[in-house]
K.L.:
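If you scroll down you'll find the structure; I have some questions about it.
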Amino acid sequence: HTIMTNVELVKEAYSHFATGNVPAVLAMFDPAIEWLECKGMPFVKDDGIYTGPEAIVTNVFMNLPVSFDGFNIAVSEVFGVDDKVVMVGYYQGTNKVTGNAFKANATHVWTVKEGKLVRFFQAVDTATINS
């Protein structure tokens, strides 16, 4: 068993998310993970900063199917240096409120520490998602 690189670890997380294996995704999170969701996402009612896997599930993951049909992340590239890993791609789905299908640019910056995901920063074109 070889130790995965940080980039491989993050790629695996997206693979689990894509197949709906949320428990496997959560197992990769540090218990004190800091999650920074864009305030423009339709379900964010506060500052968009959540701490710990349970808060992320409640405030983000469980709200995705409420706000969107067919939500998925299309990953174009994943690269990293030191403890940072970046995902460049886009979100796809249909906004349930507006009925509009979207393809919105998205970038994520992950921080990895000792094989666990400790921080998530999201930059996404919420104007396209909410139009």
Side-chain angles (χ1 to χ4, degrees):
H1 179 73
T2 57
I3 295 170
M4 280 193 287
T5 66
N6 291 344
V7 168
E8 289 168 340
L9 188 80
V10 169
K11 283 181 176 176
E12 185 171 89
Y14 285 108
S15 176
H16 287 316
F17 185 82
T19 59
N21 190 348
V22 174
V25 175
L26 298 179
M28 303 174 84
F29 289 0
D30 185 88
I33 184 174
E34 184 183 29
W35 185 281
L36 286 76
E37 187 81 7
C38 285
K39 288 188 270 190
M41 289 294 275
F43 48 80
V44 174
K45 305 285 187 274
D46 46 36
D47 63 5
I49 301 173
Y50 309 109
T51 304
E54 191 176 328
I56 296 162
V57 169
T58 302
N59 292 290
V60 181
F61 291 176
M62 286 174 65
N63 279 318
L64 292 171
V66 174
S67 296
F68 310 121
D69 279 323
F71 179 84
N72 71 83
I73 302 168
V75 177
S76 301
E77 57 181 328
V78 179
F79 58 91
V81 62
D82 300 329
D83 67 342
K84 301 289 189 224
V85 178
V86 176
M87 186 287 300
V88 178
Y90 46 89
Y91 290 176
Q92 298 175 119
T94 301
N95 184 315
K96 285 187 175 183
V97 173
T98 65
N100 288 335
F102 58 81
K103 178 179 174 181
N105 288 340
T107 299
H108 298 159
V109 181
W110 296 91
T111 307
V112 184
K113 184 178 179 184
E114 293 168 11
K116 292 286 186 182
L117 304 173
V118 297
R119 192 169 190 271
F120 169 88
F121 174 85
Q122 176 194 61
V124 62
D125 180 1
T126 55
T128 294
I129 290 171
N130 292 316
S131 64

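Counting from 1, the numbers follow the sequence of the chain as shown.
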K.L.:
Measure the spacing between CD of Glu37 and CD1 of Ile49 and express it to the nearest 0.5 Å.
P.N.:
11.0 Å

K.L.:
Does the side chain of Phe79 come within less than 4.5 Å of Val88's, by heavy atoms?
P.N.:
yes

K.L.:
Would you name the heavy atoms of Cys38 and Val44 that are closest together and state the gap between them?
P.N.:
O-CG2, 3.5 Å

K.L.:
Quick check: are there more than 12 heavy atoms from other residues, nucleotides or ligands sitting under 6.0 Å from CZ of Phe71?
P.N.:
yes

K.L.:
Nearest heavy-atom pair of Leu26 and Pro53: which atoms, and what distance?
P.N.:
CD2-CB, 4.2 Å

K.L.:
Taking Val7 as the starting point, is it possible to reach Met87 by hopping between hydrophobic residues whose side chains are less than 4.5 Å apart?
P.N.:
yes

K.L.:
Of all heavy-atom pairs between Pro42 and Phe68, which one has the smallest distance, and what is that distance?
P.N.:
CG-CZ, 3.6 Å

K.L.:
Can you give me the closest heavy-atom contact between Met41 and Thr126, atom names plus distance?
P.N.:
N-CG2, 3.7 Å

K.L.:
Determine whether the aromatic ring centres of residues Phe102 and Tyr91 are separated by less than 6.0 angstrom.
P.N.:
no

K.L.:
How far does CD of Gln92 sit from CD1 of Ile129, to the nearest 0.5 angstrom?
P.N.:
11.0 Å

K.L.:
I'd like to know whether the aromatic ring centres of Phe17 and Phe61 sit less than 6.0 Å apart in this structure.
P.N.:
yes

K.L.:
Which atoms form the tightest heavy-atom contact between Ser131 and Thr128, and what is the distance?
P.N.:
OG-O, 2.9 Å

K.L.:
Let me confirm one number: the CG-CG distance from Asn95 to Asp69, rounded to the nearest 0.5 Å.
P.N.:
9.5 Å

K.L.:
Return the NZ to NE2 distance between Lys11 and His16, rounded to the nearest 0.5 Å.
P.N.:
14.5 Å

K.L.:
If you look at every heavy atom in Thr58 and Asn63, which pair is closest and at what distance?
P.N.:
O-ND2, 3.7 Å

K.L.:
Below 4.0 angstrom, N of the basic side chain to O of the carboxylate: do Asp83 and Lys113 qualify?
P.N.:
no

K.L.:
Check the pair Thr111, Lys84 against side chain to side chain contact (heavy atoms under 4.5 Å, CB included), reporting the backbone distance first and the verdict last.
P.N.:
CA-CA 5 Å; Thr111 307; Lys84 301 289 189 224; 2.8 Å; yes

K.L.:
Could you check whether atom CD of Glu54 has more than 12 heavy atoms from other residues, nucleotides or ligands sitting under 6.0 Å from it?
P.N.:
no

K.L.:
Answer with yes or no whether the hydrophobic clustering places Val57 together with Val25; edges join I, L, V, M, F, W, Y residues whose side-chain heavy atoms lie under 4.5 Å apart.
P.N.:
yes

K.L.:
Could you go through the side chain to side chain contact (heavy atoms under 4.5 Å, CB included) check for Val112 and Leu117 one step at a time?
P.N.:
CA-CA 5 Å; Val112 184; Leu117 304 173; 3.9 Å; yes

K.L.:
Starting at CD1 of Ile3, measure out to CD of Glu8 and round the result to the nearest 0.5 Å.
P.N.:
11.0 Å

K.L.:
Less than 4.5 Å apart, any side-chain heavy atom of Glu34 and any of Phe121?
P.N.:
no

K.L.:
Could you check whether any side-chain heavy atom of Asn130 comes within less than 4.5 Å of a side-chain heavy atom of Thr98, counting everything from C-beta outward?
P.N.:
no

K.L.:
Is there side-chain contact between Ile73 and His108, with at least one heavy-atom pair below 4.5 Å?
P.N.:
yes

K.L.:
Do Val86 and Tyr90 share a hydrophobic cluster, counting only Ile, Leu, Val, Met, Phe, Trp and Tyr and linking them when any side-chain heavy atoms are less than 4.5 Å apart?
P.N.:
no

K.L.:
Got Met62 and Phe43 here, is their nearest side-chain heavy-atom distance under 4.5 Å?
P.N.:
no

K.L.:
Would a single hydrophobic cluster contain both Phe120 and Val60, if residues Ile, Leu, Val, Met, Phe, Trp and Tyr are joined by side-chain heavy-atom contacts under 4.5 Å?
P.N.:
yes

K.L.:
Who pairs with Lys116 by side chain to side chain contact (heavy atoms under 4.5 Å, CB included), at least two apart in sequence or on another chain?
P.N.:
Asp30

K.L.:
Transitively linked via ILVMFWY side-chain contacts under 4.5 Å: Tyr50 with Leu36?
P.N.:
no

K.L.:
Using 30° and 60° as the class boundaries, would you call the ring planes of Trp110 and Tyr14 parallel, tilted or perpendicular?
P.N.:
perpendicular

